[in-house]
There are 2 protein chains.
Amino acid sequence: MIDAAGLRVMRAIADEGSFTSAAASLGYSQPAISQMVRRLEQRVGTPLVDRVGRTVRLTEAGHALARHAGTVLAALDAAEEEVAALAGLRAGRVRLSAFPSASATLVPKALALVRDRFPGVSMTFTEAEPPESLAALRAGECDLAVAFTYAGTDVARGEEDLDIFVTRHLLDDEVLVALPTDHALASLEEPVPLRALADAAWIAGCPRCRGHLLDLAGRAGFTPAVSFETEDYVAVQGLVAAGLGVALIPDLIARTAFNPDVVIRPVVPASRREIVAVTTADLQHVPAVAAALEALTDVAGSPDLLPTFPAVAADRVDSEAVLDYHL
Amino acid sequence: MIDAAGLRVMRAIADEGSFTSAAASLGYSQPAISQMVRRLEQRVGTPLVDRVGRTVRLTEAGHALARHAGTVLAALDAAEEEVAALAGLRAGRVRLSAFPSASATLVPKALALVRDRFPGVSMTFTEAEPPESLAALRAGECDLAVAFTYAGTDVARGEEDLDIFVTRHLLDDEVLVALPTDHALASLEEPVPLRALADAAWIAGCPRCRGHLLDLAGRAGFTPAVSFETEDYVAVQGLVAAGLGVALIPDLIARTAFNPDVVIRPVVPASRREIVAVTTADLQHVPAVAAALEALTDVAGSPDLLPTFPAVAADRVDSEAVLDYHL
DNA sequence: GGGCAACCATAATGCAGCGTTATAGGCCAG
DNA sequence: CTGGCCTATAACGCTGCATTATGGTTGCCC
């Protein structure tokens with residue numbers, strides 16, 4: 001019945017003392033005020049102003065509205081200010097979920113970038129494997145997920161329907177092979193043929209990575225003998241270092257969890273997992289989410305922020321260089 | 001930018017959990033909500049809802065608006081309630097101004113009537129002669145004035161331009177003559193001819209009444225010798241009773257300030273003053289003012305509430321009857 | 001796995017709120 | 001009595017905002 005515009009007008013009339021100057025102060029024309037008041041009056045059913053001579057005076061009801069206008073408009077302004085802060089990146093919260101190996105590199109850099117660019121935006125972070133993070137996204141428990149999908153495999157798509165989400169490519173993470181330093185193929189100049197490891201004992205990572213291993217090996221014509229399974233890639237490399245087997249290991253993880261007793265080598269056929277940021281069609285337009293997305297993209301795309309660790313033989317890596325790669 | 005309708009919609013969505021039921025709870029159709037939200041979103045520049053699957057969830061900005069909606073709408077409701085109370089006569093204040101002889105009869109009855117009919121409406125009363133009460137009306141210091149004007153005379157119009165006001169006839173107050181009980185004409189059956197008092201000593205009331213006396217006497221062909229002037233009609237009658245002169249005295253006053261030693265008689269040529277309620281074109285539509293106006297009209301028109309005191313010779317008046325006329 | 005129910009989006013349409021300019025009318029002062 | 005300063009009204013146009021009708025998904029349930 002009564003709207004904010006009407007209250008604004010009544011307040012302006014009370015403050016200015018005339019329709020004309022109220023109109024000027026609000027940026028309206030004089031007749032606009034005149035008929036605005038008339039409309040209001042016939043809505044509330046009682047005169048709001050008393051026009052006597054060439055002056056206008058508020059009636060009791062008019063004064064009531066002018067008085068309430070302050071409260072209402074202040075509350076409205078507060079609401080506007082709050083959303084304006086959210087829209088202007090002076091406030092906001094992004095709940096990010098990422099898988100473990102991203103949490104060590106990509107995510108911290110991106111969090112720092114967002115914090116530097118938009119101090120008012122706060123980010124919370126939860127570590128979760130892609131299926132869980134996507135479920136959280138769907139359930140509205142997080143706004144942005146960093147997930148990965150093995151290119152050419154339907155591993156990810158089988159578990160969660162990515163179509164309902166919006167994905168942004170961050171980087172291609174090449175899948176390498178981890179060998180004990182004393183392994184016969186450890187000093188091979190060329191990439192290691194996967195088939196050459198057909199008879200090796202295999203150590204598998206997370207379930208989805210295991211799926212990828214089986215898929216890849218199947219294409220290479222063999223079924224790997226999986227001796228150990230663990231989601232902890234530090235453990236994986238420990239097992240490899242102890243000579244208990246070989247493992248496929250993504251580049252990003254190799255850089256993160258570096259073990260000097262392990263040799264990381266490229267492998268043929270080459271394969272990669274695609275690391276993506278995932279959000280919803282709506283959330284991608286929320287400024288804070290967009291800013292986080294941007295920061296992730298920047299980190300993933302900038303060699304300075306996230307240096308590409310060349311897949312090198314262990315003997316070409318010294319501790320100092322490794323330290324550089326740890327954040 | 002943000003209006004109350006938008007907030008109402010956001011709150012409904014937050015409460016109901018879907019556009020469809022929010023629409024139902026607000027009495028809108030579903031598409032109305034849909035495009036309302038879209039409009040709001042493009043106004044504030046950030047998504048307000050996250051549509052994932054067939055459910056909608058509020059974003060941070062959406063929650064902010066929904067949260068503020070309570071405050072804003074509560075304040076708006078308070079404003080509406082206040083004007084509704086004024087419009088519905090559950091509240092309101094009428095500042096009434098009336099001339100002295102009306103304050104004794106008309107006004108108290110009318111005030112009581114308003115109080116009985118609309119207990120929420122309060123009335124304040126100020127005694128003032130017509131010129132002053134009309135000035136107060138013009139200055140916005142009162143809402144309703146009870147004034148009088150001598151019919152056929154421009155006395156009132158000369159002093160204040162009644163055209164800018166709205167007047168309502170209340171009653172015609174016949175002008176009578178007050179004579180000492182032992183006056184030669186006191187027992188005349190017929191109305192007293194004014195000319196017969198051409199040589200009498202005259203006592204004049206208020207300035208405007210004095211003007212009326214001069215006007216009337218002028219038409220009757222004489223100039224009255226005014227011995228005394230006082231605005232107090234009790235004093236006027238006291239002077240008459242003491243045999244110090246005769247006086248013109250309006251019926252209403254005669255009834256109010258009854259003096260047993262004075263005879264009140266009709267006079268020819270007859271004349272009357274018109275008692276009117278005056279307000280402004282706008283104020284007459286303010287419910288409380290209209291109610292007061294109505295009450296005044298009712299009192300003036302109802303013999304029960306304001307009995308007509310017949311102009312009788314003193315010998316036909318006994319104290320008991322007189323007491324009846326005093327309210 | 002297929003159909004059905006629920007939910008949101010879009011299109012097309014109509015009305016009314018709400019602004020504009022132009023003009024008229026009334027009050028008050030010099 | 002005239003000029004300036006008010007407000008009111010008229011005529012007009014636009015845009016907001018509602019409607020109905022329809023389509024596309026999603027997700028549940030048999």
Side-chain angles (χ1 to χ4, degrees), chain A residues 1-10 12-13 16-44 47-58 62 135 137-140 160-166 280-282, chain B residues 1-10 12-13 16-43 47-59 62 134-135 137-140 160-166 280-282 285:
Chain A
M1 192 179 198
I2 298 177
D3 59 347
L7 292 181
R8 218 181 302 273
V9 167
M10 290 309 296
I13 295 174
E16 302 288 334
S18 80
F19 283 18
T20 300
S21 46
S25 87
L26 292 177
Y28 288 152
S29 64
Q30 171 265 316
I33 304 296
S34 197
Q35 50 188 312
M36 184 86 199
V37 170
R38 193 178 44 184
R39 273 194 301 269
L40 260 180
E41 283 178 334
Q42 62 193 33
R43 265 185 243 175
V44 303
L48 298 175
V49 300
D50 181 20
R51 297 103 162 144
V52 45
R54 71 182 185 190
T55 67
V56 297
R57 237 188 317 274
L58 296 187
L137 191 56
R138 142 164 305 234
E160 266 289 339
D161 195 356
L162 268 183
D163 294 352
I164 70 167
F165 296 124
V166 168
T280 71
D282 288 317
Chain B
M1 191 179 198
I2 298 177
D3 59 345
L7 292 180
R8 218 181 302 272
V9 167
M10 290 308 298
I13 294 174
E16 303 288 334
S18 80
F19 283 17
T20 300
S21 46
S25 87
L26 293 177
Y28 288 151
S29 64
Q30 171 265 315
I33 304 295
S34 198
Q35 51 186 313
M36 185 86 198
V37 170
R38 195 178 44 185
R39 273 193 301 268
L40 259 180
E41 283 179 335
Q42 62 194 32
R43 264 185 243 177
L48 297 176
V49 301
D50 182 20
R51 296 102 161 147
V52 43
R54 71 179 185 193
T55 68
V56 296
R57 237 189 315 275
L58 296 188
T59 63
L134 294 184
L137 190 56
R138 143 164 304 237
E160 266 289 339
D161 194 355
L162 267 183
D163 294 352
I164 70 168
F165 296 124
V166 167
T280 71
D282 288 318
H285 294 121

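Per chain, numbering begins at 1; letters A, B, ... match sequence-line order. Computation of the quantities below employed the complete heavy-atom set of this structure, encompassing side-chain atoms and omitting hydrogens, waters and symmetry-equivalent molecules.
On the nucleic acid side, DNA chain D has its first and last nucleotide under 4.0 Å of a heavy atom of chain B at D/dC17 to D/dG27, going 5' to 3'.
For B/Arg43, the side chain to side chain contact (heavy atoms under 4.5 Å, CB included) test picks out B/Asp3, B/Arg39, with sequence neighbours left out. Residues that satisfy the side chain to side chain contact (heavy atoms under 4.5 Å, CB included) test with A/Leu7, not counting sequence neighbours, are A/Ile2, A/Leu65, A/Ala69, A/Val72, B/Leu76. Legend: residues meeting side chain to side chain donor-acceptor pair (under 3.5 Å) with A/Glu16, ordered by chain and number and at least two apart, are absent.
Taking CG of B/Leu134 as the start and CZ of B/Phe165 as the end, the distance is 5.5 Å to the nearest 0.5 Å.
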Enumerate donor-acceptor pairs with a distance under 3.5 Å from any side-chain N or O in residues 19-37 of chain A to protein atoms, sequence neighbours excluded.
unit_1	atom_1	unit_2	atom_2	d
A/Ser21	OG	A/Ser18	OG	2.7
A/Ser25	OG	A/Ala22	O	3.1

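For the residue pair B/Arg138 and A/Arg57, the shortest heavy atom distance occurs at O-NH2, 2.8 Å. The two residues B/Thr59 and B/Asp50 come nearest to each other via the heavy atoms CG2-N, 4.0 Å.
Looking at A/Thr280 and B/Arg51, their side chains never come closer than 4.5 Å, going by heavy atoms from C-beta outward.
Note on A/Thr20: a base of the nucleic acid sits closer than 4.0 angstrom, heavy atoms only.
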Heavy-atom contacts, protein to nucleotides 12-26 of chain C, under 4.0 Å, summarised as B (base), S (sugar-phosphate only) or - (none) per nt, yield ------BBBBB----

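Counting to the nearest Å, the P atom of C/dC7 and the CG atom of A/Asp282 are 18 Å from each other.
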